[in-house]
Protein chains: 2
Amino acid sequence: MTSTLTHTEENYLKAIYKANERTKKAVNTNTIASYMNTSAASVTDMMKKLAQKDLIIYEKYKGAKLSPEGSKTATSVIRKHRLWETFLVQKLGFSWEEVHEIAEELEHIKSDELIARLDKFLGYPKYDPHGDPIPNAEGKFTLREQILVAQLKKGAKGILVGVQNHETSFLAHLNHCNISLGSLIFIKDRSKFDRSVHVIVDDHEETLLTEMVSKNLLVRPL
Amino acid sequence: MTSTLTHTEENYLKAIYKANERTKKAVNTNTIASYMNTSAASVTDMMKKLAQKDLIIYEKYKGAKLSPEGSKTATSVIRKHRLWETFLVQKLGFSWEEVHEIAEELEHIKSDELIARLDKFLGYPKYDPHGDPIPNAEGKFTLREQILVAQLKKGAKGILVGVQNHETSFLAHLNHCNISLGSLIFIKDRSKFDRSVHVIVDDHEETLLTEMVSKNLLVRPL
DNA sequence: ATATATTTTTAGATTAATCTAAATATTATA
DNA sequence: TATAATATTTAGATTAATCTAAAAATATAT
Ligand SMILES: [Mn+2]
Ligand SMILES: [Mn+2]
Ligand SMILES: [Mn+2]
Ligand SMILES: [Mn+2]
């Protein structure tokens with residue numbers, strides 16, 4: 001039944017899952033190509049293969065969506081990715097901007113027993129170091145109330161619970177601003193000109209966030 | 001310089017390293033084929049490729065040996081394998097017969113920083129769960145006095161420090177006999193007929209070990 | 001030393017993942 | 001609705017790792 005997939009196949013499924021998270025509609029070839037950093041032609045080839053294996057539903061020129069089986073696999077890979085990131089930060093002392101690349105490799109290690117034990121070792125964490133929810137063994141995960149800093153009104157406050165962008169450079173920028181998960185963000189002012197946001201972090205640090213930054217910060221509003 | 005190798009290339013280097021450990025001479029094609037569970041023809045192809053990359057010294061019909069660079073890589077993969085096995089047993093609670101397969105995958109994760117931190121997390125272990133020495137970051141490892149149970153005289157004693165065979169079935173057999181690393185082995189008697197050995201384990205458990213078993217147990221003689 | 005057996009290499013295919021360029025389909029625009 | 005622009009697929013190659021079968025080299029045994 002669950003035949004063993006290549007790393008590449010798993011990565012394609014993950015890409016479709018992520019692309020589909022927001023849109024809900026079938027994901028088009030170019031979108032997948034950009035997620036996977038590859039050519040549209042390669043994507044088409046892979047779509048045929050994954051459809052053949054019943055991991056996706058694919059119609060020529062119409063895009064792809066995950067089948068139940070494909071969805072299960074994608075969720076499992078994401079679970080592994082996030083558990084490993086948690087391990088790297090909590091047990092090995094890495095910081096949050098260093099772990100994504102390594103987890104991209106670790107997420108493909110096959111043993112289910114390994115993941116079950118890792119989960120237990122970490123104390124069944126609900127969120128990873130970037131605030132992303134960790135699916136449980138059944139693929140379900142805990143969502144929470146969240147809103148972009150870009151959408152907070154002047155004078156409002158929120159606790160940072162997640163980031164949309166996981167690039168090392170972005171996270172390093174947040175470190176530089178003394179912003180981390182759990183930080184209290186207060187919107188002191190918003191510029192109408194360039195939509196940058198003047199914030200106060202944890203009641204003392206004043207910082208100007210560009211629109212790009214504010215659109216990648218998720219807070220639980222207070 | 002240290003270009004990134006495929007899992008397969010790393011596995012070939014490891015196979016050559018292991019085959020060479022005892023013999024010291026160039027390793028022949030069929031030996032590598034049997035280590036790698038592949039055909040002689042495939043091995044020849046790979047030998048050309050590895051020689052091209054200066055990871056081995058290879059002469060047609062004469063066999064292969066590792067170059068300094070190849071040796072460094074092989075040692076590094078072995079270091080990773082043994083550190084991961086140690087992690088799996090000491091931190092995740094796996095038993096020694098369950099970890100080899102998983103470590104075969106984990107040993108190819110690339111980050112040097114990861115391994116440095118894992119080593120530290122584990123307290124810089126010198127030996128893995130099978131008693132095999134763990135090379136340090138420079139590739140050096142600590143050897144120790146050891147002899148096969150098959151070579152112990154009647155009436156002699158030794159402490160189990162290693163096993164030559166890592167197969168799950170072999171290790172499970174030892175579990176069944178209540179033999180583990182650190183066990184005290186006393187040679188009560190040896191059969192001249194089939195070279196089986198009658199031993200007493202930890203001063204109480206009496207067991208008969210076949211020659212095959214006694215040739216795979218390494219002890220520090222007392 | 002000659003024949004036989006074994007080992008190793010070469011030749012020719014195959015499968016997975018990728019590419020570029022050309023062809024085709026879809027969508028947007030005038 | 002034609003036409004142009006964009007998106008997608010197909011065609012034809014390439015590289016890595018593998019295979020089987022045949023050829024060539026080496027080792028063993030009369
Ligand atoms: Mn990540
Ligand atoms: Mn993450
Ligand atoms: Mn092992
Ligand atoms: Mn081991």
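Order of the sequence lines fixes the chain letters, A, B, ..., with proteins taken first and strands second; residue numbering starts at 1 for each chain.
Nucleic acid contact for A:Asp45: base, since at least one base atom lies under 4.0 Å from a heavy atom of the residue.
Whole-Å rounding puts the A:His7 NE2 to C:dT18 C1' distance at 17 Å. Taking atom CD of residue A:Glu9 and atom P of nucleotide C:dT18, one finds them 10 Å apart after rounding to whole Å. When the C1' atom of D:dC19 is taken as reference, atom CE of B:Met46 falls 14 Å away, rounded to whole Å. Rounding to whole angstrom units, CE of residue B:Met47 and C1' of D:dT18 are separated by 14 Å. Separating the CG atom of B:Asn37 from the C1' atom of D:dT18 is a distance of 13 Å, rounded to the nearest angstrom. To the nearest angstrom, C1' of C:dA16 lies 12 Å from CG of A:Leu50. When rounded to the nearest whole Å, the span between CD1 of A:Ile32 and P of D:dT9 equals 9 Å. Distance A:Asn28 CG to D:dA7 P: 9 Å, rounded to the nearest Å.
Residues satisfying the side chain to side chain contact (heavy atoms under 4.5 Å, CB included) criterion with B:Lys53, sequence neighbours excluded, are B:Leu5, B:Glu9, B:Lys49, B:Leu55. When the side chain to side chain contact (heavy atoms under 4.5 Å, CB included) test is applied to B:Leu181, the partners found at least two apart in sequence or on another chain are B:Trp96, B:Leu160. With sequence neighbours excluded, no residue satisfies ring-ring contact (aromatic ring centres under 6.0 Å, His included) with A:Tyr12. Scanning for side chain to side chain contact (heavy atoms under 4.5 Å, CB included) contacts around A:Ser34 gives an empty result, with sequence neighbours left out.
At D:dA16, none of the side-chain N or O atoms of B:Tyr12 fall inside 4.0 Å of OP1 or OP2 (strictly under the cut-off). Note on B:Thr38: every side-chain N or O is 4.0 Å or more away from OP1 and OP2 of D:dT18. Taking 4.0 angstrom as the limit, B:Tyr58 places a side-chain polar atom (N or O) nearer than this to OP1 or OP2 of C:dT9. Contact between the side-chain N/O atoms of B:Ser39 and the OP1/OP2 oxygens of D:dC19 is found at a separation under 4.0 Å. A sub-4.0 Å separation between OP1 or OP2 of D:dT6 and a side-chain N or O of A:Asn30 is absent. Contact check, B:Lys48 against C:dT10: a side-chain N or O comes under 4.0 Å of OP1 or OP2.
Residue A:Thr44 has its side chain nearest to D:dT10 when only C:dT9, D:dT10, C:dT18 are considered. For B:Thr29, taking side-chain heavy atoms from C-beta onward, the closest of the listed nucleotides C:dT8, C:dT10, D:dC19 is C:dT8. The listed nucleotides are D:dT18, C:dT9, D:dT9; the one nearest the side chain of B:Thr8 is D:dT18.
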I'd like a list of close polar pairs between nucleotides 21-28 of chain D and the protein, N/O only, cut-off under 3.5 Å.
{"residue": "D:dA25", "atom": "O4'", "partner": "B:Tyr61", "partner atom": "OH", "Å": "3.3"}

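At least one side-chain heavy atom of B:Gln164 sits less than 4.5 Å from a side-chain heavy atom of B:Leu218.
Under a 4.0 Å N-O distance rule, the pair B:Lys14/B:Glu104 qualifies as a salt bridge.
Both tests hold for A:Lys91 against A:Phe121: distance to the six-membered ring centre under 6.0 Å, angle to the ring axis within 45°.
Residue pairs satisfying the ring-ring contact (aromatic ring centres under 6.0 Å, His included) criterion with at least one member in residues 52-81 of chain A, sequence neighbours excluded, are listed as follows: A:His81-A:His100.
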